Amino acid sequence: MKLPVKMTINGQKVSHEVEPRLLLVHYIREVVGLTGTHVGCDTSQCGACTILIDGQAVKACTLFAVQADGATITTIEGLAKNGELHPIQQGFWEKHGLQCGFCTPGMILAAYQMLERYPKPTEDQIRHQLEGNLCRCTGYHNIVKAIQWAAEHMAGKK
Amino acid sequence: MATVVQERLFGKAIKRREDPRFITGRGQYVDDVKLPGMTYAAFVRSPHAHARIRRIDTSGALKHPGVVAVFTGKDMAGVNSLPCGWDLRKEKNIPGVVQDLAMVPHMPLTADVARHVGDPVAVVIAESQAAAVDAVDRVKVDWEPLPSVTVTDRAARSGAPQIHTGAPGNVAFKWEIGDRSATDAAFKGAATTVKKRILNQRLVANAMEPRACIARFDTATGELTLWVTSQNPHVHRLLMCAFVLGIPEHKVRVIAPDVGGGFGSKIFLYNEEVVCSWVARQLKRPVRWTATRREAYLTDAHGRDHVTDAELALGRDGKILGLRVKTTANLGAYLSTFAPAIPTFLYGTLLNGVYTIGAIHCEVTGVFTNTTAVDAYRGAGRPEACYVLERIVEAGARALGMDVAELRKKNFIPKFSGAFQTLVAVSYDSGDYAAAFDRLLQMLNYRKFRAEQEAARKQGRLLGIGFSTYIEACSIAPSKLVGALGAGAGLYESAKVRVHPTGGVTVYTGSHSHGQGHETTFAQLVADELQIPIEQVEIVHGDTGAIPFGMGTYGSRSASVGGTAILMSLNKIKEKGKRIAAHLLEASANDIEYVNGQFQVKGVPSKAVPFGAVSLTAYVPHKYPDNLEPGLEETSFYDPSNFCFPFGAHACVVEVDRDTGAVQIQRYLAVDDVGKVINPMIVDGMVHGGIAQGVGQALCEGAVYDEGSGQLVTGSMMDYALPKADMLPLYETDRTVTPTPVNPMGIKGAGETGTIAATPTVVNAVIDALAPLGVDHIEAMPLTSERVWKAIQAAKAKR
Ligand code: FES
Ligand code: FES
């Protein structure tokens, strides 16, 4: 049995017929073909699959594609606008917030919501908010710095 | 001609050139590759730690919709065992062998007996991932469960279940290094001796990207292409072709595209990539497999897992007179690619540390157990050595009543350059161990800390500090030397530099980046040497179809070994360029120098040809020297003359909650000496990541097997505690710079130092915090609040 799903991903309307058990992250990667969203675990621990659903940071492995029917989604591919990096992306680049890059899309989108909640986060807040995102490369030091950099530059823009 | 002097990039923290694709989601990892007609593989794995396979019935799976084929070990006739690339046998004159290595077979799909939970026994190939996974449940295996053993120091006990017929008593090998009788004598003359059992628990590398592969067989050309999460694509190709599948190497192309972290776990040749390659040739259709995280825990080579009894002999003055180490190393159920080297030549040879020691003896027994195979994990042998030494040295200081910093200072090998012969075979390259430690103490303000600690203790707070002054052997490795020690491979590195007609440069390196940032650091080297803008430089790696035969990235070798190979090729380019320029300038090649991006007559910048003009001439050789080949492309292979030995000093300040045993890191400081540094930002990043992994081992990580069933209890990210952002501080880092004389750039290597140093640093800090309660040792890691709390209770009960 397949069910129809429709959603808007990075401004593009997509619609497919999918198995009800298909996870949203697999839908995005395998069906829609946006492979910037990664899969790092099977227990919803790592956060590599983090995307924005209607503005909320969500682990895309925690729901089925059919549950996201009608949603508006932003993945890492949709964050830069008109070729201009989002300040969080820029911050990760400036502060060397990534090494292998595998956790990075999820980190950036988790940071996106973090900075909406806490535009001027303390170091503790950043660390606490990153509880759901694992990175094996950076030891988190430069991810913290990257998010601080982004917070400063986003404040400047507003 | 006006020349612009280009700023030197060596030593500059320039931003990474690979980042734009990663931060916008355009990296391409193996699982991102999609091919037309692709099929999907899912493996049937043993649910038992040890079980005989009576029968496998695949008929149900074959009937499942979407299933293309099912294969078992029996179907893979003609396919050989996965090879072990390190030999330890007396007949090969490998030093230190007490009992020969048992070269036990490791079949890609085991047909007779499964020897650990997760051991693959069959593979299902289907039109979709879902169909493959569903059909796995329809393969019926008739199991005869056998008793199992997973615990390191029980494997070789009498009565333990026998795992391989070729390894009686489950002993894989016995090996020793050092001088037994001199060590015995040193202990006799000692004022104080300490003995501790020190466990180094089993870890899982946990690269964030799970292992994956895609195999495609091209029926038109007969070529097999394998995309695989590899740190060393040529090594994968060689092992798979020559040893396992018996297919010609030149008909196989291995591509390791963007790889999401390795930490050692992606060095090795694994069952799944061999099986998928074989299946692709059978079915003539592409096959993809990506590990679930659970499969990763069960099948990625694990790390560490040592049980050690260590003894230290000290003089009254605090001089280290002797070190005696007995280690049992758990190798798991099979011999992974480099497994025998890790607890021997990468472990025993590091036990001299940064100290002058009277005598050392170390013996190691490798054992088989019903667990996942153990091999190199970041640091590989060296963290285990450092942990033993740095723990026992601190225990010795406590036994003597001497300050731990003081005892270290008393014993440091004095500053040297060129060679320091250790008691355990290796000869260090250069070192100034006291300088790094002094710098650390200064950053820390050690005296002030001890005063604060005193005050805190009076208030009942458990504040502690721990150190480690470590050595590491990297820049792996001189081929002749490792060959004499049992390596099946040479460990040089290759680089091809291709200058294009219009002056752009592509470097094809045998090194592989899975987070190390080679596209930046190697380009920095090229831009400097050729004095061309970095934008004109492209770094290509990870494709055996493009790069010369190379050994890949592990053992902190890319900059020092891979980078030197690039430098050699650049020098050849310059030499050839001089001959072309000389011809154009009507001068002698000996009179040409390469300065600021142009070939010029020595000392006469006005008589010059720019780099781009020479490259164009090389490809349009109208006005060209006789007897010189056209083109501008050079390949080099660099084989180092020695290992390099980075070193440094780390410190950690912790506070332990006396009611809960919870450990909180307050400060973490690191002074590393990795020789010369190409990009300090990247090196700092590697140090940070290494520290986090070392802290992880000290405080939260550990692979746990249930003893009765042999099940891996920590088989998911829910159960295996990886360090998170909120348990770590900002690290305070600095460097001293002692260039190595081994390679021309003076680079030692920086990829593993943090992991090596951090674990004993943190554990020593916790022990220091608990010292007022009478705790002087905790045998096992990780130091979870439960384990610390228990140590506190045990100490209280003793009083
Ligand atoms: S894939 Fe790990 S949290 Fe979603
Ligand atoms: S950058 Fe590799 S896991 Fe975070």
Side-chain angles (χ1 to χ4, degrees), chain A residues 19 21-22 26 29-30 33-46 48 75-80 85-86 88-90 92-106 108 123-124 126-145, chain B residues 13 15-16 18-29 31-32 34 129-130 205-210 258-263 290 292-294 296 513-517 681-682 684-693 695 716-719 722-731 754:
Chain A
E19 276 195 66
R21 64 172 170 171
L22 184 70
H26 290 139
R29 287 180 54 79
E30 304 286 333
L34 292 170
T35 55
T37 305
H38 296 152
V39 179
C41 73
D42 42 15
T43 50
S44 295
Q45 246 78 35
C46 74
T75 69
I76 189 68
E77 290 94 337
L79 199 58
L85 293 177
H86 187 279
I88 302 173
Q89 291 172 309
Q90 191 71 37
F92 271 73
W93 194 13
E94 296 292 334
K95 292 294 165 186
H96 189 32
L98 61 146
Q99 290 179 32
C100 78
F102 198 77
C103 71
T104 312
I108 288 174
E123 185 198 331
D124 276 355
I126 294 174
R127 289 182 181 276
H128 187 66
Q129 292 287 314
L130 287 181
E131 270 270 282
N133 291 74
L134 295 172
C135 174
R136 194 58 157 166
C137 297
T138 63
Y140 304 103
H141 183 108
N142 284 340
I143 292 179
V144 171
K145 299 267 179 191
Chain B
K15 282 192 292 179
R16 295 207 319 174
E18 42 273 86
D19 285 1
R21 72 173 182 273
F22 292 129
I23 55 180
T24 54
R26 291 175 299 170
Q28 198 185 43
Y29 301 86
D31 190 61
D32 302 340
K34 250 199 217 98
Q129 183 72 49
N206 273 296
M208 278 301 126
E209 177 207 24
D258 287 327
V259 173
F263 315 112
T290 301
T292 61
R293 182 54 63 180
R294 185 171 161 69
S513 177
H514 28 283
Q516 290 84 347
M681 176 192 82
I682 286 177
D684 284 345
M686 287 199 259
V687 169
H688 297 160
I691 292 170
Q693 289 181 354
V695 171
S716 78
M717 278 185 176
M718 208 176 331
D719 308 295
L722 286 165
K724 293 183 176 183
D726 65 353
M727 60 173 277
L728 294 160
L730 287 174
Y731 317 105

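Just so we're on the same page: letters track the sequence lines, and every chain starts at 1. All values reported here derive from a predicted model rather than from experimental measurement.
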Checklist outcome for this item: For A:C100 and B:G261, the nearest pair of non-hydrogen atoms, with its separation, is CB-N, 3.3 Å

Next on the checklist: For a 4.5 angstrom cut-off between non-hydrogen side-chain atoms, does A:Q129 reach B:D726?
Outcome noted: no

Checklist entry - If you measure from the Lys or Arg side-chain nitrogens to the Asp or Glu carboxylate oxygens, is any gap between B:K15 and A:E94 under 4.0 Å? => result yes

Checklist entry - Is there side-chain contact between B:T24 and A:Q89, with heavy atoms separated by less than 4.5 Å? => result yes

Item to check | Test item: A:C46 and B:M208 side chains (from C-beta on) under 4.5 Å apart, heavy atoms | outcome: yes

Item to check | Atom of A:V39, atom of B:P210 and distance for their closest heavy-atom approach | outcome: O-CD, 3.5 Å

Next on the checklist: For the interface with chain A, which of B:G517, B:S513, B:A205 has the highest count of heavy-atom pairs at distances below 4.5 Å?
Outcome noted: B:A205

Next on the checklist: If you define the side chain from C-beta out and look only at heavy atoms, does anything of A:I76 sit under 4.5 Å from B:R26?
Outcome noted: no

Next on the checklist: Please find the pair of heavy atoms, one from A:F92 and one from B:D19, that lie closest to each other, and give the distance.
Outcome noted: O-OD2, 4.4 Å

Item to check | Non-hydrogen side-chain atoms of B:L730 and A:R127 separated by less than 4.5 Å | outcome: yes

Checklist entry - Do B:K34 and A:E30 come within less than 4.5 Å of each other through their side chains, counting heavy atoms only? => result yes

Checklist entry - So which heavy atom on A:R136 is nearest to which on B:N206, and how close? => result CG-O, 3.3 Å

Next on the checklist: Among residues at least two apart in sequence or on other chains, which ones pass side-chain hydrogen bond (donor to acceptor under 3.5 Å, both in side chains) with B:R21?
Outcome noted: B:D258, B:E519

Next on the checklist: Once you measure the plane-to-plane angle for A:H141 and B:Y731, does it fall in the parallel (<30°), tilted (30-60°) or perpendicular (>60°) bin?
Outcome noted: parallel

Item to check | Under 4.5 Å from any heavy atom of chain B - which part of A:L134 | outcome: both

Checklist entry - Between A:T138 and chain B, which part of the residue has a heavy atom less than 4.5 Å away: side chain, backbone, both or neither? => result backbone

Checklist entry - How would you list, by chain and number, every residue that makes a side-chain hydrogen bond (donor to acceptor under 3.5 Å, both in side chains) with A:Q99, sequence neighbours excluded? => result none

Next on the checklist: One pair to check against side chain to side chain contact (heavy atoms under 4.5 Å, CB included): B:D31 and A:R29. What are the steps and the verdict?
Outcome noted: CA-CA 9 Å; B:D31 190 61; A:R29 287 180 54 79; 2.7 Å; yes

Next on the checklist: Under 4.5 Å from any heavy atom of chain B, what part of A:K95 do you find: side chain, backbone, both or neither?
Outcome noted: neither

Item to check | Shortest non-hydrogen separation from A:W93 to B:P20 and the atoms involved | outcome: CZ2-CG, 3.6 Å

Checklist entry - Between A:L98, A:T75, A:I143, A:L130, which residue shows the highest count of heavy-atom pairs closer than 4.5 Å to chain B? => result A:L98

Checklist outcome for this item: Between B:D32 and A:H38 the two heavy atoms that sit nearest each other are OD2-NE2, 4.5 Å

